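Read through the structure below, which is laid out as structure tokens, and then see the notes.
In what follows, chains are A, B, ... by sequence order, proteins preceding strands, each numbered from 1. Small disclaimer: the values here were computed from a predicted structure and weren't measured.
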Amino acid sequence: MKGGCLVSHYDFKAIEAKWQKRWEEQKLYKAVEDSKRPKYYCLEMFPYPSGKLHMGHVRNYSIGDVVARFKRMRGYNVLHPMGWDAFGLPAENAAIKHGIHPAKWTWDNIDNMRKQLKQLGLSYDWEREVATCHPGYYKWTQWFFLKLYERGLAYRKKSYVNWCPSCATVLANEQVVDGRCERCGSEVGKKNLEQWFFRITEYADELLEDLKKLPGWPEKVKIMQENWIGRSEGAEVYFTAEKTGEKIPVFTTRPDTIFGVTYMVMAPEHPMVDELVKGTPYEESVREFQKKMEKLSEVVRTSTETEKEGMFTGAYAINPLSGERVPIWIANYVLLDYGTGVVMGVPAHDQRDFEFAKKYGLPIKVVINPPGMELSAEEMQEAYADDGVLVNSGTFSGMNNREAIKAITEFMEEKGLGKKAVNYKLRDWLISRQRYWGAPIPIVYCEKCGIVPVPEDELPVLLPDDVEFSPKGTSPLLECEEFLNTTCPRCKGPAKRETDTMDTFMCSSWYYYRYTDPRNDEKPFDQEKLDYWMPVDQYIGGVEHAILHLMYSRFFNKVMRDAGLVHVDEPFTNLLTQGMVLKDGAKMSKSLGNIVSPEDIIEKYGADTARLFILFAAPPEKDLEWSDQGVEGCFRFLQRVWRLVEELTPMMDVPSGDEKADREVRRLVHKTIKKVTDDIEGRFNFNTAISAIMEMVNGLNSSKGKPVSGKVIREAVETLLLLLAPFAPHITEELWERLGHETSIHLMSWPVADEAAMAEEEVEVVVQVNGKVRAKILMPAEITEEAMKESALKHEKISSLLEGKTVVKVITVPRKLVNIVVK
RNA sequence: GCGGGCGUGGCGGAACUGGCAGACGCGCCAGACUUAGGAUCUGGUGGGUUUCCCGUGGAGGUUCAAAUCCUCUCGCCCGCACCA
């Protein structure tokens, strides 16, 4: 440093430690219900306690902290809590691998991550911390399970379920990505098991419909949920098996094409297939085909690339409308668990059916003609799936197909041949997990009474501590006799406990309620407290939860609303999905070796710098490219702020200054207030908010030598600190104190822009000739358009350019621009 | 294949309702202070044949005026993917 130390050094380590300690002692961020103030619930997705924070966490929580601090300064009563999504497999793997008990592993990790979060200076009310693995929490997870059970929304069913061999547990559909386990990447198989499900499909329509009530959610997330729910409207048509006379319901979205059915296809594993082929010459080959399909993985089987393959069963079905007799096939592309597992083949009007028919030489029958055209089955190169007019369709011939959909459906309903139907791709949520480290499902199996829910007053069903972890990866609960053996709550006879635990998404589906009353041991929450804080005003997290967590939570909230426990339709009013943190264009990962550790950055530059950089480098919803040099830049900026404030402090005593200099400084100050406020409030553009603050610092730096009055300097410096406070809470708090304030800067009100102070006296007007900039002229701000035009035409350079040309017209934009169109 | 997003200097990114393209930061260049500087400060920095011309992936169009609106097209990223 140059010369004598006129200004002190920015000692971020001492400053950050000092204020973190003081904020905690003073409980600065404690949230208390207060009906007199508007509330604001700012929530970030709570982390899985993996052991260490990564940059994604830092980004997520820095964004949330700016929102929380900003809203606080805007006068809101802010709830900003943090907790731990603490059940899950990694803890159990640690136990198997290193012999550490999952509980110890988890709690140690929590301690470490809590420490790291505190080092970031995040404004959480730590008294509301929750951990889903705490019995005081999972007692209520189990309680909610019972609520679902009471309402008939939790049920047990044997079915083919996704099985991850490496995690040794079943998975929900949502946890299978490209046929692989979302967690470990192993290929997922199928197992026929008896499992617990939640009836989320009961709410499919509302989950879809209410997306419309979420204007504060990214379009992208809503579309993803819409696709996932996959609602399609159509009809169920009852074909009849010729041989057995049995009804074969078929779902179709195109009842208008029923007369065009030339064959039917069942899923190979459809139960009716066996009956149809039994004792026929087709039996053997069909069995073979079934076996072949069974061996194929789900990925291959359902890939668009896979060629359609099928086989005739020898059986026939009767079309209820045309009375025609059509062959029944089985094929790989028909899925058992969608619709009824049976498809009607209309090759003329469905591309898949067309390809299948061509391959196997099945007949093609045209029943819809394009407007003003006549199709011929022999000449068709592809299916005609668009609208048109019905032909060869009995009494419905001649009808427009849109009307025919309605007419045919109604006709079938009258005659009992079919009915209107809606289908969803959404499946019920499988919540059983064959794992130890989760909330036990509060159910007992009694030989006499059957399935018996554990009574509320016996909750929680505690996880036994003393268990053996088998290297096979199977749940230790299976071998834990003390846990397994119990008495039936109903008949008091001997009974067995359910050994499966709940999917951790169950735990995270309601944690945002618990924050409103985290220590209540009588109830999951106090009604008044919950009603005060809910809904979450701003939710922030990664887009990877677009379907899983966010849809489960929405479902959960709707169930609890119907149970009268919650009074909002949707739990999260606004959602922000932050982008990833990249290094060298790729997601930070161990295998790529491009990880930047938050610990190191905090150690070297401090939390304020880390936060500032991560907020400055990109808008929150976009991916962020990490740059060590960018971090340096932010560090330099904070040092500049420090120096600026220290240098300007003595000048705050100057009794009066030059009026023009004062006005200029005030203009800068108030324009910055407006810009920063708009950027944060309107659109969460923290990057441009910070750049405006940087510009303000640059401006104040260059006005250092000017005759500015002490009062104006004080206003400027204090405003600078207030605007920067949500981003860099420690340095601003320290400088605020050094200015002589005794109350925390974080309890101050957000500055308000003074329109009068912002007003410009002069504006620079751009003068264009034929749309090209030819001059810039300073004009009084209040100049009329006519006068603007005049002085533009009078301007030396412009007038010389206009020589010999004809002015066609002149366009003026007040205070901005004059465009002279010439020929 | 369907749906969504993106494409702007050497880099990250600005430009909100069409109105000076490139704010702010990084990097780079020059200078100042210095035993020294990878510290700090000052100035410069899209490209070019430099009174001017060209520039927002490409080609057209609308307009007095287009990064912004329309049409076509290329490239990258994300989601869904035989859903009957």
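Contacts of Asn423(A) with the nucleic acid, taken as non-hydrogen atoms under 4.0 Å apart, are absent. Here Gln768(A) lies in heavy-atom contact (under 4.0 Å) with a base. Gly339(A) comes within contact range of no nucleotide atom at all, as no heavy-atom separation falls under 4.0 Å. Within the 4.0 angstrom heavy-atom criterion, only backbone atoms of the sugar-phosphate kind lie near Ile223(A); the bases stay farther away. At a threshold of 4.0 angstrom between heavy atoms, the contacts of Asp623(A) are confined to the sugar-phosphate backbone, with no base atom among them.
Pairing for rG1(B) goes to rC80(B), judged as Watson-Crick or G-U wobble with the two contacts each under 3.5 Å. Base pairing analysis places rU71(B) opposite rA59(B); the two distances defining the Watson-Crick or G-U wobble pair are each below 3.5 Å. rU45(B) and rG27(B) make up a base pair, with Watson-Crick or G-U wobble contacts both under 3.5 Å. If you check rC33(B) for Watson-Crick or wobble pairing at under 3.5 angstrom, you find it has no partner at all. With both pairing distances under 3.5 Å, rA65(B) is matched to nothing as a Watson-Crick or G-U wobble pair.
The side chain of Tyr333(A) lies closest to rC82(B) when the candidates are rC82(B), rG25(B), rC16(B). Considering only the side chain of Val773(A), rA21(B) comes nearest among rA21(B), rC24(B), rG3(B). Here rG12(B) is the nucleotide among rG12(B), rC54(B), rC64(B) with the atom lying nearest to any side-chain atom of Ala617(A). Considering only side-chain atoms of Leu335(A), the nucleotide from rC16(B), rA84(B), rC52(B) that sits closest is rA84(B). For Val334(A), counting side-chain heavy atoms from C-beta on, the closest listed nucleotide (rC24(B), rA84(B), rG13(B)) is rA84(B). Each of rA15(B), rG19(B), rC24(B) was ranked by its minimum atom distance to the side chain of Phe616(A); first place goes to rC24(B). The side chain of Glu764(A) sits closest to rC20(B) out of rG25(B), rG19(B), rC20(B). In the set rC80(B), rC16(B), rG19(B), rC80(B) carries the atom at the smallest distance from any side-chain atom of Lys425(A).
Remark: Lys704(A) NZ is packed, more than 12 non-hydrogen atoms of other residues, nucleotides or ligands lying under 6.0 Å away.
Taking the C1' atoms as reference points, rG31(B) lies 25 Å from rU50(B), given to the whole Å. For the P atoms, the distance linking rG57(B) with rG75(B) amounts to 16 Å, nearest Å. Comparing rA67(B) with rC54(B), their C1' atoms are spaced 16 Å from each other, to the whole Å. Annotation: rA84(B) and rU17(B) have their P atoms spaced 38 Å apart (nearest Å). Nucleotides rG55(B) and rA65(B), compared at atom P, are 15 Å apart to the nearest Å. As rounded to the nearest Å, rA23(B) and rG46(B) have C1' atoms that lie 14 Å from one another. Look at the P atom in both rG58(B) and rU8(B): the space between them is 10 Å, to the nearest Å. Going from the C1' atom of rG18(B) to that of rG10(B) covers 30 Å, rounded to whole Å.
Phosphate proximity of rA23(B) to Asn687(A): absent, as no side-chain N or O sits under 4.0 Å from OP1 or OP2. At rG19(B), none of the side-chain N or O atoms of Arg815(A) fall inside 4.0 Å of OP1 or OP2 (strictly under the cut-off). Here Ser232(A) reaches the OP1 or OP2 of rA84(B): one of its side-chain N or O atoms lies under 4.0 Å away. OP1 or OP2 of rC64(B) has at least one side-chain nitrogen or oxygen of Lys809(A) nearer than 4.0 Å. Taking 4.0 angstrom as the limit, Arg774(A) places none of its side-chain polar atoms (N or O) nearer than this to OP1 or OP2 of rC20(B). Applying the 4.0 Å criterion to OP1 and OP2 of rC24(B), one finds that Arg640(A) has every side-chain N and O outside that range. Not one side-chain nitrogen or oxygen of Lys772(A) sits closer than 4.0 Å to the OP1 or OP2 atom of rG19(B).
A salt bridge is absent between Lys358(A) and Glu355(A); no separation between the charged side-chain nitrogens and carboxylate oxygens falls under 4.0 Å.
Ser232(A) and Asn423(A) share no donor-acceptor pair across their side chains, judged by distance under 3.5 Å alone. Asn594(A) and Asp584(A) share no donor-acceptor pair across their side chains, judged by distance under 3.5 Å alone.
Glycosidic conformation of rG38(B) is anti; the angle lies outside 90° of 0.
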Check against side-chain hydrogen bond (donor to acceptor under 3.5 Å, both in side chains), Asp256(A) and Asn401(A): CA-CA 6 Å; Asp256(A) 52 328; Asn401(A) 78 303; 3.0 Å; yes

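Taking the six-membered ring for Trp and the full ring otherwise, the centers of Tyr263(A) and Phe356(A) sit less than 6.0 Å from each other.
In the interface, the side chain of Asn819(A) is paired with the base of rC64(B) through a donor and an acceptor atom under 3.5 Å apart.
Without hydrogens or angle criteria, Asn332(A) side chain to Glu307(A) main chain gives a donor-acceptor distance under 3.5 Å. Judged by distance alone, the side chain of Arg59(A) and the main-chain N or O of Val581(A) form no donor-acceptor pair under 3.5 Å.
The CG atom of Leu582(A) sits 11 Å away from the P atom of rG12(B) (whole-angstrom rounding).
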